[in-house]
Protein chains: 2
Amino acid sequence: MASTSSLALSQALLSRAISHNGSENQIALPSFSVLKSTSPRTTTFFHCQRSASTNSHSLRPLVRASAVETTDTTTDSTLVDKSVNTIRFLAIDAVEKAKSGHPGLPMGCAPMSHILYDEVMRYNPKNPYWFNRDRFVLSAGHGCMLQYALLHLAGYDSVREEDLKSFRQWGSKTPGHPENFETPGVEVTTGPLGQGIANAVGLALAEKHLAARFNKHDNEIVDHYTYSIIGDGCQMEGITNEVCSLAAHWGLGKLIAFYDDNHISIDGDTEIAFTENVDKRFEALGWHVIWVKNGNNGYDEIRAAIKEAKAVTDKPTLIKVTTTIGYGSPNKANSYSVHGAALGEKEVEATRNNLGWSYEPFQVPEDVKSHWSRHTPEGAALEADWNAKFAAYEKKYPEEAEELKSIISGDLPTGWEKALPVSINFLIISIGVMEMALIYENIFQTYTPESPGDATRNLSQQCLNALAKAVPGFLGGSADLASSNMTLLKAFGDFQNATPEGRNLRFGVREHGMGAICNGVALHSPGFIPYCATFFVFTDYMRAAMRISALSEAGVIYVMTHDSIGLGEDGPTHQPVEHLSSFRAMPNIMMFRPADGNETAGAYKIAVTRRNTPSVLALSRQKLPQLPGTSIENVERGGYTISDNSTGNKPDVILIGTGSELEIAAQAGEELRKEGKTVRVVSFVCWELFDEQTDEYKESVLPSEVSARVSIEAGSTFGWGKIVGGRGKSIGIDSFGASAPAGKLYKEFGITVEAVVAAAKSLI
Amino acid sequence: MASTSSLALSQALLSRAISHNGSENQIALPSFSVLKSTSPRTTTFFHCQRSASTNSHSLRPLVRASAVETTDTTTDSTLVDKSVNTIRFLAIDAVEKAKSGHPGLPMGCAPMSHILYDEVMRYNPKNPYWFNRDRFVLSAGHGCMLQYALLHLAGYDSVREEDLKSFRQWGSKTPGHPENFETPGVEVTTGPLGQGIANAVGLALAEKHLAARFNKHDNEIVDHYTYSIIGDGCQMEGITNEVCSLAAHWGLGKLIAFYDDNHISIDGDTEIAFTENVDKRFEALGWHVIWVKNGNNGYDEIRAAIKEAKAVTDKPTLIKVTTTIGYGSPNKANSYSVHGAALGEKEVEATRNNLGWSYEPFQVPEDVKSHWSRHTPEGAALEADWNAKFAAYEKKYPEEAEELKSIISGDLPTGWEKALPVSINFLIISIGVMEMALIYENIFQTYTPESPGDATRNLSQQCLNALAKAVPGFLGGSADLASSNMTLLKAFGDFQNATPEGRNLRFGVREHGMGAICNGVALHSPGFIPYCATFFVFTDYMRAAMRISALSEAGVIYVMTHDSIGLGEDGPTHQPVEHLSSFRAMPNIMMFRPADGNETAGAYKIAVTRRNTPSVLALSRQKLPQLPGTSIENVERGGYTISDNSTGNKPDVILIGTGSELEIAAQAGEELRKEGKTVRVVSFVCWELFDEQTDEYKESVLPSEVSARVSIEAGSTFGWGKIVGGRGKSIGIDSFGASAPAGKLYKEFGITVEAVVAAAKSLI
């Protein structure tokens, strides 16, 4: 399965970013080659000071002496002022040209972000995907012109002057909110408030986990920070409290969040809806809290705060930076009017006068440009240093290096898929004698109709445990339902503050935060495959995060058990009805509803390989039989025939089921065949994959000539009209469920063999 | 529109509860008659002590001397112990019989809840809908056997012994989680964690608002408390932080929440995922916090805490009660194993021995029964007192009384609907000369094709403002987007701590909390019609609350603007695509997508009248024309013809659009007609309402003979297959959107007149 491509990692990842709207039928996983850097630098110790030879600029300060020490020597403050105003005016000009956007935040946050990108953060602008870079997340994503201005100044090729000039326009690299799949240098996709800080927690979790697994006393190969800017809006969102509680619980000391405390939200002063004591709340959550009272030009205060934050290694730090939204605008600063609209020609002019800015729109003053230009050679040097460090690591710790490479590159270890259960027929045709022995070791994972029935949540657990052993970046957990979702990885410990090498994540009852943290983990490195779990109905709590998974191409695996009224007595608050439909309607997410062991394994196989598309697995609480005709490989087809007694592709009727109802369809098929009918039974395990098939294949499963079609699924019939056609019938539940044992519910709601037989007969 | 039914309020509300799965085609709003009580009691001052004559039990303590004073005289502690153990064993026995359920919480929370229901709360068990009752919300809804046991002991007819014995069974009044529509005495529907405390905030908000609007110096006609029990799970959910921040901001002093601090969640000790300092967090939010260290039998501590909580009138109070989950079970107490499964026969026996419980399963000891029996006469007396008080109020303040009655009963004021815009044709056929003059005052609200075009979010604002003036219980707000959602009520102030009479709610950026708070408001009194607003895409943040609206029959109106890629430059994070489909799949919620002023008014008219079904209005950011052929009345049909040049119900093609794309369908129709085709253009404004129509009506709009059908909607095509049929075509967007001006996006995504014309021609 692993590609033999020799693309450099950065290029491979760039192509990953570029493939956004393209087909994913061909899985091409990038190989790992960045480590073969031709850099002449062979520094053997990471915390060395880089030599002055990389300093192409006389004003370049001596920065980043070590990972935990912020410099004391800083750029002269006139130039900082100028750079800060450059950021402000790039934002003002771009929003003005687009006549759309959010100038207020960039104007207020320019000082702290200048210091971050110019003085503190370690990155290589020419390789935005360098593994050991510091990560930055603009959680207040509407202020994206701030980030675009910074990327532009820092020398990222993704944001050139013409990109700034096409801000928010069709096809540009500078969309209305930050999108990782459009703009290399943007780590995650933000805008929906609170998602960004949750992603940042995921990024910081990933770093802490990798550092614990791979760092050695003589080689701290994993060592980077996660920075984020969050606004009042993020602070009000519940997801932020969820993830910040976890960040402290996990002791994510290398997570540093700047709280842009500007007292303005869209509806006006935050006094109207937000009067809690944020500092105290964060202290209660377990954060270290620092207040920078003058965020508008207190550069040294900001620097000192970052230094302090880095010195606190056992807690995440919130730096509350009091700023003025729209700083510099004489008539709009400190008001909601500067939040989300262009300043207008007149006010732009007034702001230019006020800040003494005599430059043309989009112009970067030469001294500012020159000052920032050092980041290109410095970044290259940082990466080269690290590559050399990795070379030494690999030499000394080859096994660990192999695992880490897999996580960094996204190359799955050769043969990983053999860890999964196999279908007997697949086994016979596709493997040799030598491998047979290996597979027979896992024979308990090979399902035949004679295998004992089991709930798909239990079958899922077999897959999760098998995959975690085979795939180094596979990790995850549940929102306090591990024993119900069956998601514990038995061979691994818990990821906790004191045991961050563990691969079982304990999210507590925080579904929304869980999903968004997993997005951060997935986007940290291509080889991370995070899964997360709760009851399927509670996808409602995390839907915003799941949509971001889909949009930002984060291949999170959502393990969603208790997938229908089949869960029984917990009743309608816990019984999903409309959820299958609701995900089938969402772009770029695969909604699987496997029927048994084969289909569960097949779903995982695809979920693991499709790294740019998240997957949702809807799994049963109740025991299900291993059905004849299902197969691991056919899951890739999305829909396929499991039994058929017709000839010539013209059965009397086609019965279509998914998950726990495929058994009912199969039984109804048997009944009808006893009465002499020709019946095809089809499993429709993943609609999105069926949609990808050729017309010929689709016709072979659902011939247009056969209009007698019956679907059965213990969920909303919404959407099935397209599958069963105008004449067909859909058996499902279009109301809420009820509290009762599962069998009773199926009977009362008419999800029965009899109902399928009757519907089929009415159509034949 | 107001019914002239003479049902008593309690009966009317009972029938409302019972109508759960019934048809809602006939709107029968209950009239207000409980005030015509025949009670002989004519107490003129509310804070009187009730006379001893209602005391039918020698042990009855003197309780509830006033609304803000907890009694010092309490039942002897042996009897309390016995009552508490009765609660424990009713829960144990019911779970054991069902072999399903959650005994742990009831066993731990029995003491605090005994004190609440027996000593503190004011209610009338024979009229669970008495307006001035104290409200109780079990936010940790899985522990519902606690509440059922309490309702049973307190004398509610909804939970008799046979109901306890049919816990979690088909058709019982004791479902697996508390459901207001199944069990009178249960205020709201809980189970999904955090929803309950959010509902409680809504209930307390409603009380504070009504008290401010209606209480007089000589008559505090509105005066009740809201109590809630929340668990560790609720505490972890982000929604809880959102709503508790608001509760403090609003100064909801009559909200008292008990935090069942038992240190156990499903995955084990809360140490694994929940180590924040909850007390300090609540203090940071602005709550008064009290810690009861011995929640297992510290009755006096609990009583003192409640007394203290009531004395703090400017803040909500969190009483942290440290308890032992599964208290009394010798082998399972204080472990996750007692959370969500029956104890098992052996452990039940051991617990009986341990607690010295010699009674039969489900048996309530006679002295306990006798002790609790006083609540029936006492409750009747409380209600009678209040009715007398209301009679005095009505005499002195007839106008206010009229408004309050409307809110209590749900009877809309006569003629309320005239506040809404009217269609000209409707005006001519349905009203007389006298009313004509009145309506002409609102003539600006009458839309003809000549009326200026406008965004439906603006047209919505006209309706909201008109309705708020006409309907006393109409109130709402936005999640910090009032100026974008256009939801400000101009004639009213903000609901704030110091101005709780205001009807503009300021939720801050807390979508999830907003939805759930509105559920609480809606379920406080039938005449409350709360609306809430955000961008349509952010329904993803509040979907769990919206599902509870639908399930619990809370007629919240969701005002969701920026409803498609038509919002333009904000890009795909802000552009809903799959959201229309996702709500069409949800039971008992009406998804409206109005095309212009008439349809917006029509949608509001139905949203206001259908009190047991929430509505979602998807509204445009961009300006839309007033279309020929739309009408307010036809919105009730869900789908209807706006133009047609065919005869005999057999057009060449049917073009179907919704919202902003109805204009495109209409234009395409014109194009095709120019080429000699017969074309019907259909507005499909609300699928759920179309589904309710007769087959004849449906056939008159979508004749089965006409298979040439084209739908156009700037959203997912998922689900349209059923409408356009096997031959039809659906134009929509099945990928994520992009950042660009709206016009550009429509062109690039092919949502155009040309595309509709081409699709139609391919079918004709």
Side-chain angles (χ1 to χ4, degrees), chain A residues 100 168-170 175-177 191-193 233 236-239 241-242 245 249 265-267 272-277 280-281 284-286 480-482 506 508-510 512 540-541 543-544 547 551 569-573 578 581-582 585-587 716 718-719 721-722 725-726 735-736 739-740 744, chain B residues 100 168-170 175-177 191-193 233 236-239 241-242 245 249 265-267 272-277 280-281 284-286 480-482 506 508-510 512 540-541 543-544 547 551 569-573 578 581-582 585-587 716 718-719 721-722 725-726 735-736 739-740 744:
Chain A
S100 169
R168 294 189 150 224
Q169 303 309 303
W170 179 260
H177 289 82
L193 295 173
M236 291 187 247
E237 292 285 6
I239 183 176
N241 198 70
E242 291 181 6
S245 180
H249 173 76
S265 68
I266 294 177
D267 279 352
I272 68 172
F274 186 49
T275 49
E276 65 180 59
N277 188 325
K280 279 206 167 34
R281 175 161 60 90
L285 293 177
D480 194 43
L481 288 170
R506 302 290 199 164
V509 192
R510 303 180 182 94
H512 197 180
D540 286 347
Y541 274 69
R543 194 170 166 92
R547 187 176 205 259
L551 176 62
E569 290 92 340
D570 273 339
T573 53
E578 68 278 20
S581 303
S582 80
M586 188 181 280
S716 167
F718 190 82
K722 186 180 155 193
S735 66
F736 290 109
S739 289
K744 178 72 175 170
Chain B
S100 168
R168 295 188 148 224
Q169 303 308 304
W170 180 260
H177 290 82
L193 295 173
M236 291 188 246
E237 291 285 7
I239 185 176
N241 198 70
E242 291 182 5
S245 180
H249 173 76
S265 68
I266 293 178
D267 279 352
I272 68 171
F274 187 48
T275 49
E276 65 180 59
N277 187 324
K280 280 207 168 28
R281 175 160 61 88
L285 294 177
D480 195 45
L481 289 170
R506 302 290 199 164
V509 192
R510 303 180 184 95
H512 198 179
D540 286 347
Y541 275 69
R543 193 169 167 91
R547 188 175 205 261
L551 176 62
E569 291 90 341
D570 273 338
T573 53
E578 69 278 20
S581 303
S582 79
M586 187 182 279
S716 166
F718 190 82
K722 187 180 153 191
S735 66
F736 289 109
S739 288
K744 178 74 176 169

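- Scanning both residues, B:Arg281 and A:Leu285, for their nearest heavy atoms gives CD-CD2, 4.0 Å.
- The closest side-chain heavy-atom distance from B:Glu578 to A:Arg547 is below 4.5 Å.
- Only the side chain of B:Ser716 comes within contact range of chain A, with at least one heavy atom under 4.5 Å from a heavy atom of that chain.
- Across all their heavy atoms, A:Gly238 and B:Glu242 have their closest contact at N-OE2, 2.6 Å.
- For the set B:Glu276, B:Arg506, B:His249, the count of heavy-atom pairs under 4.5 angstrom toward chain A peaks at B:His249.
- Expressed to the nearest 0.5 Å, how far CG of A:Asp540 lies from NE2 of B:His512 amounts to 8.5 Å.
- With rounding to the nearest 0.5 Å, the separation of OG in B:Ser739 from NE2 in A:His177 is 8.0 Å.
- Under the 30°/60° scheme for interplanar angles, the aromatic rings of A:Phe718 and B:Phe718 are found to be tilted.
- The main-chain N or O of A:Tyr541 is never found under 3.5 Å from a side-chain atom of B:Tyr541 such that the two would form a donor-acceptor pair.
- Here A:Met236 is the residue among A:Lys744, A:Met236, A:Gln169 with the most heavy-atom pairs under 4.5 Å with chain B.
- The candidate from A:Ala585, A:Ser581, A:Ser100, A:Ala740 with the greatest count of non-hydrogen atom pairs under 4.5 Å with chain B is A:Ala585.
- A:Arg168 and B:Asp570 make their closest contact through NH2-OD1, 2.7 Å (heavy atoms, listed as atom of the first residue, atom of the second, distance).
- B:Pro572 and A:Leu551 make their closest contact through CB-CD1, 3.8 Å (heavy atoms, listed as atom of the first residue, atom of the second, distance).
- Most heavy-atom pairs under 4.5 Å with chain A, from the set B:Ser245, B:Ala544, B:Gly721: that is B:Ala544.
- Shown here for A:Arg543 and B:Ser582, the closest heavy-atom pair between the two residues is NH2-CB, 3.6 Å.
- Considering all non-hydrogen atoms of both residues, B:Ser265 and A:Asp480 come closest at OG-OD1, 2.8 Å.
- By number of non-hydrogen pairs under 4.5 angstrom with chain B, the leading residue of A:Lys722, A:Arg510, A:Met586, A:Lys280 is A:Arg510.
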